[in-house]
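I have placed the structure first, in the form of structure tokens, so that the comments after it can refer back to it.
This is a predicted model, so every value here is computed, not measured.
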Amino acid sequence: QEQLVESGGGLVQAGGSLRLSCAASGNTFKIMSFGWYRQAPGKQRELVATITRSGDINYADFVKGRFTISRDSAKYVAYLQMNNLKSEDTAVYYCKLESGVAYTAYWGQGTQVTVSS
């Protein structure tokens, strides 16, 4: 079972930047992909970006050109660099790991990102 620890959230003014990290621990031999999702109060959880073990990347339209997902395969860490943050980016950001062991998905506990006007 994988364990995910998210960090890097906080309070930032509009136009600012944050870098989120998602560190996987435990059995790290079957990681298929990392994904970043977010959920604002009263809204559905939505996909932000994904990166597969081979490096294929997908972004939600609303973050293209502003956010960048990356990973350090050797350290089993995924990152989300968020630039030009907007107030609507305010949400709890969750890391998702897809494991090749029984094709199971794991979620972190989330890190709060708050963007002030």
Side-chain angles (χ1 to χ4, degrees):
Q1 180 178 350
E2 300 293 338
Q3 297 177 354
L4 305 179
V5 179
E6 297 139 320
S7 62
L11 175 65
V12 65
Q13 294 185 358
S17 299
L18 287 172
R19 184 178 176 87
L20 307 183
S21 298
C22 174
S25 61
N27 186 354
T28 59
F29 298 105
K30 298 291 185 180
I31 297 173
M32 302 301 294
S33 69
F34 282 102
W36 286 100
Y37 295 72
R38 70 186 188 187
Q39 187 168 19
K43 294 189 175 182
Q44 301 293 116
R45 187 171 298 184
E46 61 185 353
L47 172 71
V48 176
T50 60
I51 183 167
T52 70
R53 68 186 306 171
S54 62
D56 294 327
I57 294 172
N58 286 286
Y59 294 104
D61 287 341
F62 55 81
V63 302
K64 287 182 178 178
R66 299 190 298 123
F67 293 6
T68 303
I69 188 171
S70 62
R71 77 199 194 290
D72 185 331
S73 297
K75 296 183 177 181
Y76 308 106
V77 179
Y79 304 97
L80 184 69
Q81 178 67 47
M82 304 185 294
N83 298 324
N84 192 24
L85 284 161
K86 305 175 181 180
S87 60
E88 60 257 40
D89 295 319
T90 295
V92 177
Y93 283 71
Y94 297 92
C95 181
K96 178 186 178 183
L97 184 152
E98 293 185 342
S99 173
V101 181
Y103 296 96
T104 304
Y106 300 91
W107 292 89
Q109 295 301 307
T111 184
Q112 177 70 48
V113 172
T114 302
V115 184
S116 62
S117 300

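- Residues Val77 make up the rest of the hydrophobic cluster containing Tyr79, defined by ILVMFWY side-chain heavy atoms closer than 4.5 Å, directly or through other members.
- Remark: Ser99 engages Lys30, Leu97, Val101, Tyr106 in a side chain to side chain contact (heavy atoms under 4.5 Å, CB included) (not counting sequence neighbours).
- Between the side chain of Glu6 and the main chain of Cys95, a donor-acceptor pair closer than 3.5 Å is present.
- For the pair Tyr93/Met82, a side-chain contact is recorded, criterion being any heavy-atom separation below 4.5 Å from C-beta on.
- Across Ser87 and Ser117, no two heavy atoms sit closer than the pair CB-OG, 4.1 Å.
- Listed by first and then second residue, the ring pair (Phe, Tyr, Trp, His ring centres under 6.0 Å) pairs that reach into residues 41-68 come to none, sequence neighbours excluded.
- One distance of note links CZ of Arg71 with CD1 of Ile31; it measures 10.0 Å at 0.5 Å rounding.
- Between Val48 and Leu80 there is a side-chain heavy-atom pair separated by less than 4.5 Å.
- Here Asp61 pairs with Lys64 in a salt bridge; the nearest charged N to carboxylate O distance falls below 4.0 Å.
- Residue Glu88 places its CD atom among more than 12 non-hydrogen atoms of other residues, nucleotides or ligands, all under 6.0 Å distant.
- Put simply, CG on Leu20 and CD on Gln81 are 8.5 Å apart, with the number rounded to the nearest 0.5 Å.
- Looking at Ser33 and Glu98, their side chains do bring a donor and an acceptor atom within 3.5 Å of each other.
- Atom-to-atom distance recorded for Asn84:CG and Arg66:CZ is 6.0 Å, nearest 0.5 angstrom.
- By the rule that hydrophobic residues join a cluster once side-chain heavy atoms approach within less than 4.5 Å of another member, Met32 and Tyr94 end up as members of separate clusters.
- Between the side chain of Thr90 and the backbone N or O of Val115 there is at least one donor-acceptor pair closer than 3.5 Å.
- Of the N and O atoms on the side chains of Gln112 and Thr114, at least one donor lies less than 3.5 Å from an acceptor on the other residue.
- Under 3.5 Å, the side chains of Tyr37 and Arg45 contain no donor-acceptor pair of N or O atoms.
- Shown here for Phe34 and Ala24, the closest heavy-atom pair between the two residues is CZ-CB, 4.2 Å.
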Is there a side-chain contact (heavy atoms from CB on, under 4.5 Å) between Leu18 and Leu85? Walk through the geometry before answering. CA-CA 8 Å; Leu18 287 172; Leu85 284 161; 4.1 Å; yes

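- The backbone N or O of Val92 sits nowhere less than 3.5 Å from a side-chain atom of Arg38 that would complete a donor-acceptor pair.
- Side chains of Ile51 and Asn58 form no contact here, defined as non-hydrogen atoms less than 4.5 Å apart.
- Side-chain contact check for Ser70 versus Arg19: some heavy-atom pair is nearer than 4.5 Å.
- Note that CD of Gln39 and CD of Gln44 are 7.0 Å apart. Values are rounded to the nearest 0.5 Å.
- Both Ile57 and Tyr76 belong to a common hydrophobic cluster when Ile, Leu, Val, Met, Phe, Trp and Tyr are linked at side-chain heavy-atom distances under 4.5 angstrom.
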